[in-house]
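Some notes on the structure that comes next.
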Amino acid sequence: MHYDFKKIEKKWQNAWQKHKAARARINPAKEKFYLLEMFPYPSGKIHMGHVRNYTIGDVASRFKTLEGYNVLHPMGFDAFGQPAENAAIKNKTKPDNWTHKCIRQMQDELKKMGFSYDWEREISTCDSSYYKWNQWIFLKMFERGLAYKKASTVNWCPSCQTTLANEEVIDGGCWRCHSKVEQKDLEQWYLKITDYKERLLEDLEQLNDWPERVLNMQANWIGKSQGVEIYFKVKAAGKVIPVFTTRVDTIFGATYIVLAPEHPLVKELIKGKSQESGALKFIEKVSRESKVVRASSDVKKEGVFTGSFAVNPVNNEEVPVWIADYVLMEYGTGAIMAVPTHDQRDFLFAKEHGLPMRMVIQNTAAVEGNVEDLKEAFEGDGLQVNSGEFDGLPNVEAKVKIAEWMEEKGIGKIQTHWRLRDWLISRQRYWGTPIPIIYCPECGIVPVPHKDLPVELPKDAPFTGEGGSPLGKVKKFVEVKCPKCRAPSRRETDTMATFFDSSWYFLRFCSPEFKNGPFEQKEAAYWMRVDQYIGGIEHAILHLLYSRFFTKFFKDLGMIDFSEPFKRLLTQGMVLKEGEVMSKSRGNIVDPDIMIGKYGADTLRLFILFAAPPETELEWDDRGLEGSHKFLNRVWRIQDNLKEKADPSLLRVLHKTIKKVSEDYRGFKFNTAIASLMELTNAIYQTGADKETFSRLIIMLSPIAPHFAEELWKVLGNKESIFKAGWPEADPKMLVEDNLIIIIQVNGKVRSKITVAADISEDKLKEIVLADKGLIPWIQGKPIKKFILVPQKLVNIVV
RNA sequence: GGGCAAGUGGUGGAAUGGCAUACACGACAGACUUAAAAUCUGUUGGCCGCAAGGUCGUGAGGGUCCGACUCCCUCCUUGCCCACCA
């Protein structure tokens, strides 16, 4: 007999909705648990990645509910963003209509999976009731100098008339029209995330329950590096060029210095020199290349001599000043000291242009003395040579000594540099949060007063996708009076990057209807922090970093009293088919909806958890799905053959299973939890089960297959929902074994096994072991050197 | 170039210092059936052996240990992230 999953799943989904089974409200009597999965972009269809992410979350949520926690498990939609604009153009509709249609479709699919969300808390970032608070947050940041406008160089597509993110530049061309991408200086809005760099780095130490990998990625992205800023005086010009290095131990080998082509001193250094016109040509050529092209090219490093010389302050040696494309204005001081003997890039550049070299660190592995014989730079550790008073010191020690000595002499300064840049949030797009700023010819940049929020997106913007931001073409949006002096003014037409929206949504879920602020402090104080956050590894840097930044900002505003939003983080692996990521372009997509139709949501949930642990990649397998379906049917059939009283051996298996499954659920090891449930089921098939044992099996299965379990629960005569049944507890008495199987090894190889009473003494055990007949060929006539005993488990005899 | 993760049967995976391959898929066999499907019950790492049993075996090589899939070192392969980062 097969269970009728179509009927059962529909029935229970309706029942849960009707009884608001997942409704969460403050309850001081219970311990709270805030479980959150990264909310989706509403494309209209869920894919297997969503199914996996949200199934993991739902099982955890239902398990915590059964354990007696007050669980908050909300869902919403990250609804702003470019795909909606493209789809609207393609389908000749408005982003607004298209997005809302997609949200409804997506919600239906999520409901069909049986996920236990408190839908009363649903939010969409494209609703003005949400993005009003984006604008409020922006203004708070603006008041504190954390939101500011500055000119910068960005990728620009001349045909689409818009800026492009680095990710949107493919092989130097626009991802949409393939035009060659240019560099352009534009005034853009930035958030000063760099003000929080120390805290963002230090607080990583608190995040013990985050994956090591994510912590590393965040730390690398913030990129703290300690070194020394060294001042090179330019001969004649009377100027100073600061350079930054992490290898101050190599300073005596700095035989030239190199500036980025954009360096502000370059023009002065080349002026009147014979090299001037060549240098200008080179700078012009580099400036036309986009950043992306410049960074990705693995062609040889190009550069020119400026005609000027600078003085190495440690030995007063004159060194030539060059310009090269491999030095970046964005990092450090935009200038480097070049040590060709101990830096591979400098080595290649020096070889190419015939620049001088000098060894300053040696060990036995490196060529001694002869720089001409050097085939590549020596970047390892060794002893200082050619380094004045520091000769003979290990370079690791010299690094510290030289830095201190330079500071004393005033020729260098110990400094910390960071890789983290401020966050550019301006987008010349329509479908995003309008930046609440007005430009007044009299007063300059004027923030929109709080009482005028939200600045709503005009619904009737002309929509073609070309020729810059559509907002600029809506007169009644752009033309406003200055809030300060009433002079005719112009509204900002850029919108915010969508990462802004998702940087605080977890706080909004605590009080989604709140009218007087982004969130209600009382609610946030109860529900936050998020106890368990689940999502894809692709958000390991940006989204998580921005969310941590916003949380620290709210703390500084005094609105919350914690500085990290997510206590535990789980990053789930991707779903693959035939070893490749599922994607439209590969044409290897498996549609969850079709699988639900064929086997039901419970089977899909079961399979996706059983096939692999949550963190690793999961190989899709249609036959595995059938296997999972078979297992549910196998459990279903148990109800036909229930006995009065369970076999004692079955009760032992049951209690062991309860212990194992509880531990596995807590540790998110769903695949082995399911394996244990299968073993219990197999044991039931051997001895037959009583109603009590069967009930507990169903409860343990309920987080994974909720519809299935509810139905069986009802069939067994229960009136209340299974999710109010409480989690079963393992009886410690049933876990104690009377007899143990002891493994006997000789020289580390298993040679025999014996069964003994659990409470046997060590001496007695030794006696029995040595009398074991199976061991005779292995130990007879050989002196026993050692007798190792691992209690309850194993002995090893060394002969 | 840097960082991280992974590598175990035909397949997905289990075991994180103590019986390698739990659980499942697949395959093979048996029961039921006129037959098939479904279901139930077995067998299923390689080699030697009729068997009892032996022996090899967790990417490769070395090390620590009574004992290593597990810890350490070197290397190979694959995947992900970052990257002319000074």
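Residue numbers begin at 1 in each chain, while the letters A, B, ... track the order of the sequences. Here the structure is a predicted model, which means the values were calculated and not measured.
- Taking the ring axis of A:W210 as reference, the NZ or CZ atom of A:R568 does not stay both within 45° of it and closer than 6.0 Å to the ring centre.
- Looking at the side chain of A:E679, the nearest of the listed nucleotides B:C56, B:C23, B:A83 is B:C23.
- In this structure, CD1 of A:I797 is placed 11 Å from C1' of B:C66, rounded to the nearest angstrom.
- For the pair A:R419 and B:A86, the criterion of a side-chain N or O lying under 4.0 Å from OP1 or OP2 is not met.
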Under 3.5 Å, side-chain donor or acceptor atoms of residues 342-350 of chain A against the rest of the protein: list the pairs with distances, not counting sequence neighbours.
unit_1 : atom_1 : unit_2 : atom_2 : d
A:H342 : ND1    : A:F378 : O      : 2.8
A:H342 : NE2    : A:V360 : N      : 3.1
A:H342 : NE2    : A:I361 : N      : 3.2
A:D343 : OD1    : A:R345 : N      : 2.9
A:D343 : OD1    : A:D346 : N      : 3.1
A:D343 : OD2    : A:R345 : NH2    : 3.1
A:Q344 : OE1    : A:A377 : N      : 2.9
A:D346 : OD1    : A:Y326 : OH     : 2.9
A:D346 : OD2    : A:V339 : N      : 2.9

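- Residue contacts for A:E229: at a heavy-atom cut-off of 4.0 Å it reaches no nucleic acid atom on any strand shown.
- For B:G9, the O4'-C1' to base torsion is within 90° of 0; the nucleotide is therefore syn.
- Taken residue by residue, residues 652-663 of chain A places no heavy atom nearer than 4.0 Å to RNA chain B.
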Taking only N/O atoms, report every protein-nucleotides 10-12 of chain B pair under 3.5 Å with atom names and distance.
unit_1 : atom_1 : unit_2 : atom_2 : d
B:G12  : O2'    : A:A611 : O      : 2.6

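- Two residues are said to be in side-chain contact when any heavy atoms from C-beta on lie closer than 4.5 Å; A:L654 and A:R696 meet this criterion.
- In this structure, A:K577 places its NZ atom where more than 12 heavy-atom neighbours from other residues, nucleotides or ligands lie under 6.0 Å away.
- The nucleotide whose nearest atom lies closest to any side-chain atom of A:R637 is, among B:C23, B:A14, B:U39, B:U39.
- Across all strands, A:R421 comes closer than 4.0 Å to no nucleic acid atom at all (heavy-atom distances).
- Listed by first and then second residue, the salt bridge (Lys or Arg N to Asp or Glu O under 4.0 Å) pairs involving residues 670-684 of chain A amount to none (not counting sequence neighbours).
- Between A:K224 and A:T416 the shortest side-chain heavy-atom distance falls below 4.5 Å.
- Base contact: A:K753 has a heavy atom under 4.0 Å from a base atom.
- Contact annotation: A:N220 side-chain N/O to B:G2 OP1/OP2 distance is not under 4.0 Å.
- A:D422 pairs by the side chain to side chain donor-acceptor pair (under 3.5 Å) definition with A:Y148, A:T194, not counting sequence neighbours.
- Shown here are the side chain to side chain donor-acceptor pair (under 3.5 Å) partners of A:T603, two or more places apart in sequence or in another chain: A:H629.
- Inter-residue side-chain proximity for A:N633 and A:H2 is flagged as met; some heavy-atom pair is nearer than 4.5 Å.
- In the set B:A86, B:A14, B:C4, the nucleotide with an atom closest to the side chain of A:P613 is B:A14.
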What does the list of N/O pairs under 3.5 Å between the protein and nucleotides 16-18 of chain B look like, with a distance for each?
unit_1 : atom_1 : unit_2 : atom_2 : d
B:G18  : N2     : A:Q745 : OE1    : 3.1
B:G18  : N2     : A:N796 : ND2    : 3.4

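- Rounded to an integer number of Å, the gap from CE of A:M217 to C1' of B:C80 is 8 Å.
- Applying the side chain to side chain donor-acceptor pair (under 3.5 Å) test to A:R52 and every residue at least two apart in sequence or in another chain returns nothing.
- Atom CG in A:L680 sits about 16 Å away from atom C1' in B:A24, given to the nearest Å.
- Contact between the side-chain N/O atoms of A:R213 and the OP1/OP2 oxygens of B:A6 is not found at any separation under 4.0 Å.
- For A:D325 and B:C85, the CG to C1' distance is 15 Å, given to the nearest whole Å.
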Show me, pair by pair, the donor-acceptor contacts under 3.5 angstrom made by side chains of residues 241-252 of chain A, not counting sequence neighbours?
unit_1 : atom_1 : unit_2 : atom_2 : d
A:T245 : OG1    : A:R247 : N      : 2.9
A:R247 : NE     : A:D249 : OD1    : 3.2
A:R247 : NE     : A:D249 : OD2    : 3.3
A:R247 : NH2    : A:D249 : OD2    : 3.1
A:D249 : OD2    : A:N395 : ND2    : 3.0
A:T250 : OG1    : A:R247 : O      : 2.7

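- Listed pair A:Q344 / B:A83 fails the phosphate criterion, with no side-chain N or O lying under 4.0 Å from OP1 or OP2.
- Rounded to a whole Å, the NZ atom of A:K749 is 11 Å from the C1' atom of B:G57.
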Subject >> Canonical and wobble pairing (Watson-Crick, G-U, under 3.5 Å) of RNA chain B, dot-bracket with | >> reply: (((((((..(((.....[....)))((((((.......))))))((((....))))..(((((..]....))))))))))))....
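- In this structure, A:L606 atom CG and B:C25 atom P are separated by 11 Å, rounded to whole Å.
- When the ring-ring contact (aromatic ring centres under 6.0 Å, His included) test is applied to A:F670, the partners found at least two apart in sequence or on another chain are A:Y665, A:F668.
- If you check B:C40, B:C84, B:C66 against the side chain of A:V798, the one that comes closest is B:C66.
- A:N682 comes within 4.0 angstrom of sugar-phosphate atoms only, judged by non-hydrogen atoms across all strands, and of no base.
- Side-chain proximity of A:M678 to B:A24, B:C4, B:A86: nearest is B:A24.
- With sequence neighbours excluded, no residue forms a side chain to side chain donor-acceptor pair (under 3.5 Å) with A:R213.
- If you find the closest nucleotide of RNA chain B to A:T333 and to A:S676, the one lying nearer the 5' end belongs to A:S676.
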